[in-house]
Every structure is written in structure tokens, then in C-alpha cells.
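See below for the structure under consideration.
In listed order, ligands and their atoms are each counted from 1.
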Amino acid sequence: MGEMSYQDLLALFGIGGAHPGGIALTEEVLAGERLQRTTRVLDVGCGTGQTAAYLARTYGCQVTAVDLHPLMRKKAQERFAKEKLPVKLLKGDANKLPFPSGRFDLVLIESVTVFTDLARSLPEYARVLRPGGVLLDLEMTAERPLSAQELQELHGVYGTKVVPTEAEWIGRLQKAGLREVRTVKGGTVASALPDEKSGANVLPEFNLSDEIDPKVYQIWEQHQRVTDSFKHRLGYRVYRAKKGKQSST
Ligand SMILES: C[S@@+](CC[C@H](N)C(=O)[O-])C[C@H]1O[C@@H](n2cnc3c(N)ncnc32)[C@H](O)[C@@H]1O
């Protein structure tokens, strides 16, 4: 492993529900969808697999999960094995998904796209959806356009090149060939902080590795500092979109 990154931190700490609102928000959003045993769901950037496991356990639907990080996949695999859940887990890059076109009814992405190359990942989500299929993407969203300096500060901690506003996310999803794009949920980072809400579900889950590089704690501190200083400038949104019935994508 070269330079330690924020993604390595999440993997070493084994953080599940590594997105604002945690698994509680995920459950709420999924409750609005029609999920059946035959529904084919793809969880892109599944992390330690908390959401994929929830989907398989609760709805019994056909879940496929991909992540780029080997340690994330290891922790996800251990979870699925322990719970005896038939989740199909693969190494996969959001920028180049290892599936044929039109494979999934629902593509779910939680706090992943912002770390990818948006010009590649968003069209990939659209490609692997079947016509009429649904995309749900929960992403870090700027509450107002950020300055170059603010973006640089975020880049230093998260490696993100852009942090779009809500209007920019919607525009990019539309440009990727998706239809009926709308925001189903959202708020500032401040509004989603665990201590401002009650309920243990909002707190992330931890699955710590035995050996943790001390450099990781430095990144954790930076993350905490940036989260606090940007808590009113950054937020999250859950975007929902559909692939057109006779889309050319
Ligand atoms: C903030 S975590 C979110 C994990 C999980 N979705 C959750 O909500 O707990 C981001 C995840 O995206 C994965 N990731 C980052 N870039 C990726 C890419 N290009 N393709 C696939 N996964 C990626 C990371 O390895 C990490 O597991």
C-alpha cells in the first residue's frame, strides 16, 4: 500500500454505514422502493457490506456488491459468510463496472461516486441498469459552490476532485442519460451528525483490523476537523433517477 488514504482508514476501522445518516437512512430510503425476491440489486462501493447484508436479509432480493478496496471486500465477505447470506461479492471499479449492460433493476451507491471519476462512473451506473431500472445515489453535496481553496482542503483529506452542488449532481445524472432525477432526502452534514439525533442506528459500526498504521489516526483527525469546519457548507443528498424505457445509454 502506498500513501495512506481516507478509504484505507475506513477499511482498517471497518466502518459500516460510512455515509451521513448511516444504516437508518438507508433503511428509510429502501422502504420507498418495491423490492422483491426477484429484484436484482447492485451495491457499488459496498464497503464492509452492511447495506448489502441488510438487503439480502430483509428483502431476500438478489444482491451483488462490488468494491475496489481488498480489505473492504475481505470484511464484507466475512460478514456475508457469518450471516450465511447469498450476496455475490466482486472486485469492481465504479468507473468500469464488470457487468453487461441492462443487468440490474436497482443500482445503489452510498457515498462512493464523489470519490470516482464522475464522467465515467455515472454513465456506468446507467449502462448496467435495465430500461426502467432505478438508481439511488447518496452523495456528499456542496450546499453552495465551493471555492478552489475549499476544494483543495477537501481534496487533501478525501482525494475528491469535485464536490458538486445539488443542481450540479442532478445535471450530471441527467447528462449520464438518467431520467426523472430528483432528490428524495438530504440535509447538511451538521443535521446528520450522530450527536444531534438520537438513535444508535445513526452511529457507524466498527470492525477494527488488528494492526492499524498510526498514520491512519492522523487522517481520522483531519477527517474530524474537516467534518466540523465544513458541517454547514457540506451536506448529503439521496438522488433517485430512472433509466429511460428506450434509453440509448
Ligand atoms: C465512504 S465509503 C462507503 C462504503 C459503503 N457504501 C457505506 O456506505 O458504508 C466509500 C467506499 O467506496 C469504495 N470505492 C472508492 N472508489 C471506488 C471505485 N472507483 N470503485 C468501487 N468502489 C470504490 C471504497 O473502497 C469504500 O468502500
With backbone taken as N, CA, C and O and side chain as the heavy atoms from C-beta onward, which portion of S121 lies under 4.0 Å from ligand 1: side chain, backbone, both, or neither? neither
Under 4.0 Å from ligand 1, counting heavy atoms only, is it the side chain of L10, its backbone, both or neither? side chain
Is the shortest side-chain N to carboxylate O distance from E143 to R233 below 4.0 Å? no
Step by step, would you call Y236 with T188 a side chain to side chain donor-acceptor pair (under 3.5 Å)? CA-CA 6 Å; Y236 71 95; T188 60; over 6 Å; no
Identify the closest protein heavy atom to [atom]: which residue and atom is it, and at what distance?
atom: atom 26 (C) of ligand 1; answer: Q7 OE1, 3.3 Å
atom: atom 27 (O) of ligand 1; answer: D67 OD2, 2.7 Å
atom: atom 20 (N) of ligand 1; answer: A94 N, 2.9 Å

With heavy-atom distances below 4.0 Å as the criterion, list the atoms of ligand 1 near [X].
X: G17; value: 9 (O)
X: D93; value: 18 (C), 19 (N), 20 (N)
X: T116; value: 19 (N)
X: G92; value: 20 (N), 21 (C)

Could you tell me whether the side chain of S191 and the main chain of G187 form a donor-acceptor pair under 3.5 Å? no
Between T113 and D137, is any side-chain donor less than 3.5 angstrom from a side-chain acceptor? yes
Before signing off on this row, confirm whether [X] and ligand 1 have an N or O atom pair separated by under 3.5 Å.
X: G45; value: yes
X: D43; value: no
X: A18; value: yes
X: C46; value: no

With the side chain counted from C-beta on, respond yes when L10 and T48 share a heavy-atom pair under 4.5 Å apart, and no when they do not.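 L10 does not reach T48 side chain to side chain.
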Given side chains that start at C-beta, do those of Q222 and R225 come closer than 4.5 Å, heavy atoms only? yes
Is there a side chain to side chain donor-acceptor pair (under 3.5 Å) between T51 and D43? Walk through the geometry before answering. CA-CA 8 Å; T51 293; D43 183 354; 4.9 Å; no
Yes or no: does Q50 have any heavy atom under 4.0 Å from an atom of ligand 1?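 No; Q50 lies far enough from ligand 1 that no heavy-atom distance drops under 4.0 Å.
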